[in-house]
Amino acid sequence: MTTENPARPAPAERFDPRTYESRWRERWAADDLYRADDADPREKHYLLTMYPYPSGDLHIGHWYAATGPDIVARMRRMQGFNVMFPMGFDSFGLPAENAAIDRGAHPMEWTQTNVDRMREQFRSMGCMFDWSREVVTSDPSYYRWTQWLFVQFFKAGLAYRAMAPVDWCPKDQVTLAREQVEGADRHCWRCGTPVIKRDLEQWFFRTTRYADELLDFSQIDWPEPIRLMQTNWIGRSEGAEIDFAVEADGVAPIRVFTTRPDTIFGATFMVLAPEHAAVAALTTPARAAEVASYTAAARRETEIERMSAERERAGVFIGAYAVNPMTEERIPIWIADYVLPGYGTGAIMGVPAHDERDFAFATRYDLPIRYVVLPPGGTAPEGEAFVAHTADEVLVDSGAFTGMTASDGIAAITEELAERGQGSSAITYKIRDWLVSRQRYWGAPIPIVYCPEHGAQPVPEDMLPVLLPFDVDFAPTGVSPLQSNEEFLAASCPVCAGPARRETDTMDTFVDSSWYFLRYCSPKEDGFAWDPVTVRHWMPVDLYTGGAEHAVLHLMYARFFVKALRDMGLLPFDEPFLALRNQGQILGADHQRMSKSRGNVVNPDDLTGRFGSDTVRCFLMFIGPWDQGGPWNPSSIEGVHRFLGRVWAAAQATTGGHPRPIPGMPADAPGGFPPSAGEVPGQEMAAIEGGIRALRHATHLAIKEVGEDYAAFHFNTALSKLMGLTNALGDARDAGLAGTAAYAEGVDTLLLLLAPMAPHVTEELWARRGRAYSIHQQAWPDFEPALVVADMIELPVQVDGKLRDRLLVAPDTSPQEIERLALASERVQAYLKGRTPRTVVQIPGRLVNVVTPGG
RNA sequence: GGGCGAGUGGCGGAACGGCAGACGCGCCGGCUUUAGGAGCCGGUGUCGCAAGACGUGCGAGUUCGAAUCUCGCCUCGCCCACCA
């Protein structure tokens, strides 16, 4: 059985990536191979992958995240684009400060050490990062401009200071943005400690001003889940604000927000948040003690405690009454912590028949429940709220509005209230302004000074940066460590030059990352945050990749920044990132997130030491769909390494067998040989030419499919197709075709298509084949459409949808001929049992289905 | 509780509504080797000697034809969570 296929000879030289990988990386660096030129006239392509926090060592997840976009960047470059693919470090942040507290290392030094180490580790991956554009956010040359941008936001009224109840992490001793509080137990995103609320004077960015525009994704190609998460986070609700007069002298009417103004005839009570401003004035003396104790308890409770009482829906009657503007009924006013102070107006009308929470509350306190909207059937449910909202529900017991559909009722009631001056349609959002101040050291100081005379004043732009002092006390006390440095504190007022005190809070690191993609365009610019001309050239980012965990943090803040800067006249576009792709997460072998404390972190250095970077890159891309990730399981890395070994052998086996020219290819093409037809017997000649056609078909099909797969981030299937081409080259060698031009074309194509994924071995083999340096500067191959189509196709023949036979036909065989051949099949006849088929379904090039009269 | 996504061999995973399991791992057999390893060749969904039958979480439906579309259920993952 194996006599016709003698074992292929082992390659003359062993495949050992260690002998050439670092040599090529040094050459590429020395030649500045990956530097993107601002003035290059070719079409630009800005490809960006999220920069890392310099936590210490690069782990396998960084490799996974970076290799995908690197492949696409390399292909785009070969396709003729002027590609920029930069990298940097998000180097401000809490871990550096914690290292200082735990180990006594200064954050500045700790960060610098880590950045240096990780930069070297990044280089070992062989990515085409343009290191000449590196950005390090903790460098004064960077945060000077972060501060400058803060000042611009301040001047534009988009940065403001306010006393607010804020989420506070008791362990890290720091305030958190709302987006940084996670999970049902409301814990800190970084350390997992449950957060508490504190009232503090804090800095905010006015993200709410852009809520509506942030909901518009029409200009960008982003994954649906990310768009949904942002949409839900912004949480736009349409409804109405309605004023309810109160029975108390000198107290203004109370305004509530509702999405269901059509249910107003069912409003039988009112609930205020315990924090509502009117509570004090409205509470009657008889109820004062109970109200005070409830309010105090609510204030003391943490978010988790509120959650644990979730179904309680407890509240207190404050003794006062409001008037339902439609029914003119007196309704009691309660306070309850299920009404949130920060959403809507902090007050609701209680409509127990049509809201589950109101229903639970009314049931508990025996308040009236009145159904005013009924389902089309016309019967109110017993013992539960009817909350569905469809177009054909009907209003009942609603005065002049009775009989209207719910959607007509919303419009008509809102209009009626507006005419009376008691309400208007309104839109509310869940999104809050972005809390940006942190009581921490290792961040960009907020460039504000406080003058006893002139209040908060921005530091003049020519006095930036406000440098972080080196000597401070890092102990987490809840106040900014910068307060421990007297020299830093002392400042002068920019207005009166009198003594002033410097702001000691620093900025959330997400401020740094909201504009780093702009800085990459002109990283050395020192007269401005960026050079407007080069920013206009490179921006927006054409393709951004990173983890989906940033859906409502970084990705929303960056959009907000760009829109705000556009409105200040600083940027000429609306969106930072035109397309977005999310990679999956590589989990530990135990299916848990990789972390040092779990001891499941995979160190890429061990793997590259054994197999080289190319194997690790290919293996990571071969695991599965890139956007899916998965648990770490290195069992098949050997298989990928073997594949590169087969490429190694294939590319160097260029002699032997029958040298044949390719029809239509010049005889002097690389690997071409003069015709020698007379030397070969006719039958063998036909076999050789069939083999050549098959190989060229495999080659050109690979060009088409691998390119499409790379562009779609389907790296796993791209690699399987490259394996297929490699196997086809092996078959060609077995058939004695190693010396043909078709074989040379196949090898060159294989190397070019593999170059983005395995940059080192392809460069080495390209050089060994005597081709011009560098393979990474070659043009991406084009396929010939005629060769993508196979000579003969195998057509499955079904009877009643079940596979019964196959036809081998030329692709251009007529449907009539195919039907004739299918019906002539013995196997088909056996199933037809002499009957005439009811119909024959044909999908051109795909299959034939013979449908029997019974089928 | 709400939203989104995913369930396919022993494993990772392929498959514009059209041949289920590409490609690879593992395993079995062979060649080579003093041996081991490496490399190479062949086989490998399940049941069955075979013919064949059965197979994509479970149950219905649409269709000539469903892993793929629709409905219901189960399991897992992620996000949000008293948002009026």
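Protein chains get the first letters and strands the later ones, always in sequence-line order, with residue 1 at the start of each.
Residue A:Arg646 has no polar side-chain atom (N or O) positioned under 4.0 Å from OP1 or OP2 of B:G39. Residue A:Arg642 has a polar side-chain atom (N or O) positioned under 4.0 Å from OP1 or OP2 of B:G26. The shortest distance between the side-chain N/O atoms of A:Asn727 and the OP1/OP2 oxygens of B:A22 is not below 4.0 Å. In this model, the phosphate group of B:A84 is not approached by any side-chain N or O of A:Tyr338 to a distance below 4.0 Å at OP1 or OP2. Put simply, A:Gln628 has a side-chain N or O that comes within less than 4.0 Å of OP1 or OP2 on B:G13.
Separating the P atom of B:G36 from that of B:G43 is a span of 24 Å, rounded to the nearest Å. Distance check on atom C1': B:U56 versus B:G1 gives 32 Å, rounded to whole Å. Rounded to a whole angstrom, the distance from the C1' atom of B:G10 to that of B:C71 is 34 Å. The P atoms of B:C28 and B:C16 are separated by 34 Å, rounded to the nearest whole Å. The separation of B:G29 from B:G7, taken at their P atoms, amounts to 35 Å, rounded to a whole angstrom. Taking atom C1' on both nucleotides, B:G9 is separated from B:G2 by 37 Å, rounded to a whole Å. The gap from the C1' atom of B:U32 to that of B:C23 amounts to 27 Å, rounded to the nearest Å. Separation of the P atoms belonging to B:A67 and B:A60 is 15 Å when rounded to the nearest angstrom.
Regarding A:Ile843, its CD1 atom lies at a distance of 16 Å from the P atom of B:U63, rounded to whole Å. The separation between A:Asp734 atom CG and B:G39 atom C1' is 14 Å, rounded to whole Å. Atom P of nucleotide B:G12 and atom CG of A:Leu620 are separated by 17 Å, given to the nearest angstrom. Atom pair A:Gln230:CD and B:G3:C1' shows a separation of 16 Å (rounding to whole Å applied).
Which of B:C64, B:A84, B:G24 sits closest to the side chain of A:Ile348 comes down to B:A84. Closest contact between the side chain of A:Ser635 and the listed nucleotides B:C25, B:C64, B:G52 involves B:C25. Of the listed nucleotides (B:C4, B:A84, B:G24), B:C4 has the atom at the smallest distance from the side chain of A:Pro225.
To the nearest 0.5 Å, the span separating NE2 on A:His354 from CD1 on A:Ile369 amounts to 10.5 Å.
If you check every strand for non-hydrogen atoms under 4.0 Å, A:Leu847 touches a base. If you check every strand for non-hydrogen atoms under 4.0 Å, A:Asn716 touches sugar and phosphate atoms only. Using a 4.0 Å heavy-atom criterion, one finds that A:Arg804 contacts the sugar-phosphate atoms exclusively. As judged by a 4.0 angstrom heavy-atom cut-off over every strand, A:Ser720 is placed among the base-contacting residues. Within 4.0 Å of A:Gln798, counting heavy atoms only, lies at least one base atom of the nucleic acid. Within the nucleic acid shown, A:Gly639 comes within 4.0 Å of sugar-phosphate atoms alone, with no base atom in reach, counting heavy atoms only. Counting any heavy atom pair closer than 4.0 Å across all strands shown, A:Thr258 reaches sugar-phosphate atoms only and no base atom.
For A:Phe361 and A:Trp334, the gap between ring centers is short of 6.0 Å.
With a 6.0 Å radius and a threshold of 12 heavy atoms from other residues, nucleotides or ligands, A:Glu356 has its CD atom at or below the threshold.
Scanning all heavy atoms of the two residues, the minimum distance from A:Ile254 to A:His276 falls at CG2-NE2, 4.4 Å. Summarising the geometry of A:Val788 relative to A:Lys704, their closest heavy-atom pair is CG1-CD, 3.8 Å, with the distance given to 0.1 Å.
For RNA chain B, each stem of at least three Watson-Crick or G-U pairs (distances under 3.5 Å) is given as range with range: B:1-7 with B:74-80, B:10-12 with B:23-25, B:26-31 with B:39-44, B:45-47 with B:52-54, B:57-61 with B:69-73.
Classified by interplanar angle (parallel below 30°, tilted 30° to 60°, perpendicular above 60°), the ring pair A:Phe713/A:Trp626 is tilted.
Within 90° of 0 lies the glycosidic angle of B:G9, which makes this nucleotide syn.
Considering only heavy atoms from C-beta on, A:Thr717 stays 4.5 Å or farther from A:Glu705 through its side chain.
Salt-bridge check for A:Lys802 with A:Asp800: failed, with every basic side-chain N at 4.0 Å or more from each acidic carboxylate O. A salt bridge links A:Arg236 with A:Asp212: at least one charged nitrogen is closer than 4.0 Å to a carboxylate oxygen.
Annotation: of the two residues near RNA chain B, A:Glu356 and A:Leu228, the 5′-most nearest-nucleotide partner is A:Glu356. Position along RNA chain B of the nearest nucleotide to A:Gly624 versus A:Met349 favours A:Gly624 as the more 5'-ward residue.
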